[in-house]
Amino acid sequence: MEMTGAQILIEGLQREGVERVFGYAGATICPIADALLAAPKLAYTLVRTEQNAGHMASGYARVTGRTGVCIVTSGPGATNLITGIATAYMDSIPMVAITGQVPSVQLGRDIFQEVDITGATLPFTKHNYLVKNAAELPRVIKEAFHIASTGRPGPVLIDIPVDVQDQLVTEVEFPQDIRIRGYNPSVKGNDKQIANVAKAINGAERPVICAGGGVFLSHAEDALREFAEKTRIPVVTTMMGLSLFPTEHPLNMGMIGTHGNVSANKALAKSDRLIMIGTRAADRAIFSPDEIQRRMPIIHIDVDPAEIGKNMLPTVPLVGSAKVILRQLMDRDLHVDCGAWLEMLQEMRREELNRTYPEKEGYVFPGRLLRLLGERLREDAAVCVDVGQNQIWSCKHLRLNGARFLTSGGLGTMGYAIPAAIGVKSAQRSRQVVAVCGDGSFQMAMNELAAIVAHKMDVKILLLRNGVLGLVRQSQVQAPYHGPYGVDLDGSPDFSVIAAAYGIPSLHLDSEAQAEETLDRFLAMEGPALLIAEVSPDWKTTD
């Protein structure tokens, strides 16, 4: 069977079960585009800037559990994609990024649109390839998808010179299985360590589970729920673990961290046993890891041995898949009596969930608005949230009773929400999808309104407008800084006019009294819609 390198690539993608790719055209991927034209079962979404191809592939991957795929051209196409790749790497999202490259005989000559993208992305990809022989593509594709989706997931980059895409291979054989020397991620937990973990849990009076995004990545949501409900151990989450439990679940104490819920942080502070599952305990989640480590025994469960001990030294480390390990633990005799501890935390949690919010004429307080939004979401909803104050308000106040929460937690990439929402909607057309943005982050991705319209997507966008880069301003008005600088969003457009230019209707909200009725109208609108909510620039995430 004679095939070109580009045809091999497209056939390999289809053999890996890929149904959609996200990309931007360019000269060095024209052979790939031509091969895509002959593969009508492989859908394509044209992005408006390459970074967003990575974010769309990320959103797609996070809700499907499959590896997202993006394809861009060489030079600035590849360098624009870097932020999307780095965002996926920091949040451990399975992705295969394919870049075109200048002809292989001209590599290293600094010709038009040449850039060493494999060298540039080496620090934040799980692996990458520069393919110089099209005959290697069947193996490279198989390896790339295996590496991206196993162990701790992450992005893999395949860089293919344009002449390699055109190269003819007379005998093409696609491997059925793959074995990579030295790459064999652990799945099952060590039996001796399982026994040690069970013993440590049974000896606790005030235990707490801290669950992160690794629970989603190992598809362990149900296992975590069963484990927590069996032991009656309260649960706190990191930002990436939000929506693992419904907001109102009696064991859910909320999100920990510098911007987290009071009840969650109190649970962590007063615990006598910390059970970390699928989280690296980064600085935003645990502000004083040395103090936590000093005060209590720590159990750390993670599929990546490099994460265990990186930020806190555990008393009992356990490497493996969270899903498999939780099942192993539930086969043990677990008897934890922490009823009084749980009752105390639940009282704090109830007070926080039922708090009243500040009011100011001409504005809506984002906490109350997000609470009302959450109460109206369908159980199958996906909420894609941007970075900044809108992210923190969403984490603290958005009610998630079945809905999935997606955001950029590790890299904190502004402009993530709208392309991620497009990725989600591309994968699951019937799913309710809402993007939450600030007016800063919205302007980083509003060009993707074109993709929403082109693909007739029912994506609802809630824009919290306060006219400033709110989270930075919030820091600048406190010591040791001397006041806001470089954060006023002067010159911002009329967002309703921008939306109308794309044929998207919008609503405006500046009154608490109108919030419920406006939200109902917004969510009931047919097709995409924008809701612009006025937020005071003086409000902080701590209000």
Side-chain angles (χ1 to χ4, degrees), residues 2-14 16 18 20-39 42-57 67-86 88 95-122 124-125 127-141 143-145 148 155-169 172 419 447 451:
E2 188 176 75
M3 301 175 73
T4 67
Q7 291 170 331
I8 293 170
L9 173 69
I10 299 308
E11 176 65 20
L13 294 181
Q14 292 182 105
E16 292 299 323
V18 177
R20 178 173 293 275
V21 297
F22 305 90
Y24 200 93
T28 63
I29 59 166
C30 278
I32 294 175
D34 202 53
L36 272 169
L37 184 64
L42 190 53
Y44 181 81
T45 297
L46 173 66
V47 303
R48 268 40 181 189
T49 188
E50 291 89 353
Q51 171 177 318
N52 293 333
H55 298 333
M56 290 184 196
T67 300
V69 178
C70 48
I71 302 176
V72 302
T73 194
S74 64
T79 54
N80 282 350
L81 182 61
I82 282 178
T83 299
I85 293 171
M95 178 190 297
V96 170
I98 298 160
T99 52
Q101 185 55 275
V102 301
S104 54
V105 294
Q106 294 181 306
L107 285 170
R109 299 186 185 181
D110 294 333
I111 69 165
F112 180 68
Q113 291 195 333
E114 179 189 2
V115 68
D116 178 12
I117 195 63
T118 53
T121 59
L122 190 63
F124 41 84
T125 51
H127 194 59
N128 59 34
Y129 299 87
L130 172 59
V131 181
K132 295 186 177 180
N133 184 346
E136 297 177 353
L137 274 167
R139 172 188 58 81
V140 167
I141 295 163
E143 286 185 4
F145 276 83
V156 175
L157 182 134
I158 306 174
D159 193 33
I160 313 174
V162 65
D163 59 315
V164 175
Q165 296 171 38
D166 281 325
Q167 182 185 346
L168 278 173
V169 180
V172 180
N447 51 355

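What you are looking at is a predicted structure, and each value in this text was computed from that prediction instead of being measured. In what follows, residues are counted from 1 in the order of the sequence shown.
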Check whether any side-chain N or O of Q7 sits under 3.5 Å from a backbone N or O of T4 as a donor-acceptor pair, and report yes or no.
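Side chain of Q7 to backbone of T4, a donor-acceptor pair under 3.5 Å: yes, one is there.
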
So which atom in [X] and which in [Y] form the shortest heavy-atom distance, rounded to 0.1 Å?
X    : Y    : result
A78  : T99  : CB-CG2, 4.0 Å
I8   : A134 : CD1-O, 3.8 Å
A39  : I10  : CB-CG2, 3.7 Å
N447 : R48  : O-CG, 3.5 Å
L81  : V72  : CD2-CG2, 3.8 Å
F22  : V47  : CB-CG1, 4.4 Å

Point-to-point distance, once rounded to the nearest 0.5 Å, from CD1 of I98 to CD1 of I71
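The distance works out to 4.5 Å.
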
Nearest-0.5 Å distance, CG of residue N128 to OG1 of residue T121
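If we round to the nearest 0.5 Å, N128:CG and T121:OG1 are 4.5 Å apart.
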
Listed by chain and number, what are the side chain to side chain contact (heavy atoms under 4.5 Å, CB included) partners of V18, not counting sequence neighbours?
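So V18 forms a side chain to side chain contact (heavy atoms under 4.5 Å, CB included) with L13, E16, V21, L42, V69, F145.
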
Side chain to side chain contact (heavy atoms under 4.5 Å, CB included) partners for A43, two or more places apart
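Only R20 meet the side chain to side chain contact (heavy atoms under 4.5 Å, CB included) criterion with A43.
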
Under the salt bridge (charged side-chain N to carboxylate O under 4.0 Å, His left out) test, which residues partner E114, sequence neighbours left out?
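Here no residue qualifies.
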
Start with the C-alpha distance between L137 and I160, add both sets of side-chain angles, then the distance that settles side-chain contact (heavy atoms from CB on, under 4.5 Å), and finish with yes or no.
CA-CA 9 Å; L137 274 167; I160 313 174; 4.0 Å; yes

Give the C-alpha distance, both sets of side-chain angles, the deciding distance and a yes or no for side-chain contact (heavy atoms from CB on, under 4.5 Å) between I117 and I82.
CA-CA 9 Å; I117 195 63; I82 282 178; 3.9 Å; yes

Between L107 and V102, does a side-chain contact (heavy atoms from CB on, under 4.5 Å) hold up when you go through it step by step?
CA-CA 7 Å; L107 285 170; V102 301; 3.9 Å; yes

Could you work out, with side chain to side chain donor-acceptor pair (under 3.5 Å) as the rule, every residue matching [X], not counting sequence neighbours?
X    : value
T118 : D116
Q167 : N133
D163 : S104

Pairs of donor and acceptor atoms involving the side chains of residues 50-57, under 3.5 Å and at least two apart or interchain, shall be tabulated with distances.
| residue | atom | partner | partner atom | Å |
| --- | --- | --- | --- | --- |
| E50 | OE1 | N80 | ND2 | 2.8 |
| Q51 | NE2 | H55 | NE2 | 3.3 |
| N52 | ND2 | E448 | OE2 | 2.8 |

Run the side-chain donor-acceptor check on residues 23-37: report pairs under 3.5 Å with partners two or more places apart or on a different chain.
| residue | atom | partner | partner atom | Å |
| --- | --- | --- | --- | --- |
| T28 | OG1 | T73 | OG1 | 2.7 |
| T28 | OG1 | S74 | N | 3.1 |
| T28 | OG1 | S74 | OG | 3.2 |

Ring pair (Phe, Tyr, Trp, His ring centres under 6.0 Å) with Y129: which residues, sequence neighbours excluded?
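Per chain and number, Y129 pairs via ring pair (Phe, Tyr, Trp, His ring centres under 6.0 Å) with H127.
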
side-chain contact (heavy atoms from CB on, under 4.5 Å) between Q165 and L9: does it pass, once the steps are laid out?
CA-CA 8 Å; Q165 296 171 38; L9 173 69; over 6 Å; no

